[in-house]
2 protein chains.
Amino acid sequence: MISTTIENYIKAIFYLGETATNVTVSAVAERMQNSPASVSDMLRRLYEKGLIEDKNNITLTDQGSFLAKQIIRKHRLWETFLVKTLDFKWDEVHSIAEQLEHVQSSLLTERLARFLEYPETDPHGDPIPDKDGNFPDLSIIPLSESEPGKSYIFRSVATDAKDFLNHLDNKGLQLGQRWVIIEKEEFDGSVKLLVDDKNEVYLSEKVAKNLNICSGELD
Amino acid sequence: MISTTIENYIKAIFYLGETATNVTVSAVAERMQNSPASVSDMLRRLYEKGLIEDKNNITLTDQGSFLAKQIIRKHRLWETFLVKTLDFKWDEVHSIAEQLEHVQSSLLTERLARFLEYPETDPHGDPIPDKDGNFPDLSIIPLSESEPGKSYIFRSVATDAKDFLNHLDNKGLQLGQRWVIIEKEEFDGSVKLLVDDKNEVYLSEKVAKNLNICSGELD
DNA sequence: ATAAAATTTTAGACTAATCTAAATATTAAA
DNA sequence: TTTAATATTTAGATTAGTCTAAAATTTTAT
Ligand SMILES: [Mn+2]
Ligand SMILES: [Mn+2]
Ligand SMILES: [Mn+2]
Ligand SMILES: [Mn+2]
């Protein structure tokens, strides 16, 4: 059947396909922390299992794409469970969800979703696809596309790396906050925000690139 | 590290060690549904990892025993979660718990135990060891050791095989019921019960052997 | 005590997933 | 358009976990 290893490759290819125009062997190798030789070999197996379209053009088939979305659904539901039900912090849940996402039981997934009352987003603000693989539309934009002077709501983070989330905690940044853009520095991509009408926060480009917002004008 | 495969072997050896005087290669092979050759080979690896005492005398070391109890703790906590929190039936949870028991995070295990309010038994009445590996004493006896005319409480099942549990459901038997032993047939080991002062139920030896009770005289 | 039966181990092979090193192929530069 | 750099694939090994068939050992029966 489909091993945990294959599930992780499919997930990696799905994520890379979201941003990159064409997914490369070396990009998959980098993301999986494996050698390009191993990836090349694995792509042959993925093709034989009907999970990618072609060995040259690394694109998921419908079957592969559906599998990826199922795994992402499970990952995000479990992260939500860990934070909402078991009182974990948002920086503690990713590595546990990496294990739980491979548990195979669609009944379990659906019961979990029901218990959590069908959440649309996980603790990092990421959208949770429904059981058919449809993502809710959250109409978010990266902080880098914000306009100075305007007001936004902090909606999600683009990575759930522990040290990145800790950095946000230290700056007092939390999902759902109102952010008014005080100024954006063209030179280095840094951003200065007013958080909840109270604190001013400076963010480097490195951080700003991984924050997503949606428009949220004051009423 | 310790693979899922090794965890399953350790669990099998632990369970066999509970009943059998000495655990044999063929008994482990039978339980794991593997060939004796594979088991023999694996025992070498378990010994090298310090999980069994000896290649000849198949006994868990303290380390192996603790590992087994940890896995059993996780298995039974997850089964409890599935039934109590996600509304699964008692015959649906075993195979899912077989997967969940291998998730590695002691913090997760402890948070789950706390959420469930430190249950002493799982949905099949089996004792849940605490995090140090101590089992609660439930002082149960097999139904076969019951005395005619006396009253007992149905406490646990010795196996969680789906078809066995369905059979109990069909007979209307549930944990916690008061059973009065009407008669025991020496010849074939069958038992006749009065369940909750209402229904008479006949049980074959095959079924009776897998039911555990504790004394529960009427007050 | 020896033979027969059962159990266990070893030998050799296979698959999945990985690696390094070498060979190809592709892309970018000169 | 050749050459140089980069990317990918192939070749050959390795490890974990499994198998079957054969050899060795242990247990049971005569
Ligand atoms: Mn995550
Ligand atoms: Mn997340
Ligand atoms: Mn079970
Ligand atoms: Mn159980």
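Every chain is numbered from 1 and lettered A, B, ... according to where its sequence line falls, protein lines coming before strand lines.
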Are His75(A) and His94(A) an aromatic pair, judged by ring center distance below 6.0 Å?
yes
Step through it carefully: locate the ring centre of Tyr152(B), locate the ring centre of Trp179(B), and say whether they are under 6.0 Å apart.
no
I need the [atom1]-[atom2] distance between [X] and [N], as an integer number of Å.
| X | N | atom1 | atom2 | answer |
| --- | --- | --- | --- | --- |
| Arg44(B) | dG17(D) | CZ | P | 11 Å |
| Asp54(A) | dT8(D) | CG | P | 14 Å |
| Asn56(B) | dT7(C) | CG | P | 17 Å |
| Ile2(B) | dA16(D) | CD1 | C1' | 13 Å |
| Ile6(B) | dT15(D) | CD1 | C1' | 12 Å |
| Leu46(A) | dT18(C) | CG | P | 11 Å |
| Met42(A) | dT15(C) | CE | P | 16 Å |
| Glu48(A) | dA16(C) | CD | P | 9 Å |

Quick check on DNA chain D: between Met32(B) and Ser38(A), whose nearest nucleotide comes earlier from the 5' end?
Ser38(A)
Within less than 4.0 Å of OP1 or OP2 of [N], is there a side-chain N or O belonging to [X]?
| X | N | answer |
| --- | --- | --- |
| Arg45(A) | dA16(C) | no |
| Ser3(B) | dG17(D) | yes |
| Thr5(B) | dA16(D) | no |
| Tyr9(B) | dA16(D) | no |
| Asn34(B) | dC19(D) | yes |
| Ser35(A) | dC19(C) | yes |

Below 30° counts as parallel, above 60° as perpendicular, anything between as tilted: where do the rings of Trp78(B) and Phe81(A) land?
tilted
Will you find, in the side chains of Ser106(B) and Thr109(B), an N or O donor that is under 3.5 Å from an N or O acceptor?
no
Identify whether any heavy atom of Ser26(B) sits under 4.0 Å from a base atom; if not, whether one sits that close to sugar-phosphate; answer base, sugar-phosphate or nothing.
sugar-phosphate
So what does Asp41(B) touch, heavy atoms closer than 4.0 Å: a base, only the sugar-phosphate, or nothing?
base
Which of these nucleotides, dT8(C), dA21(C), dA21(D), is closest to any side-chain atom of Ala37(B)?
dA21(D)
Among the candidates dA17(C), dT9(D), dA21(D), find the nucleotide nearest to the side-chain atoms of Pro36(A).
dT9(D)
Hey, does the side chain of Lys184(A) reach the backbone of Ser144(A) with a donor-acceptor pair shorter than 3.5 angstrom?
yes
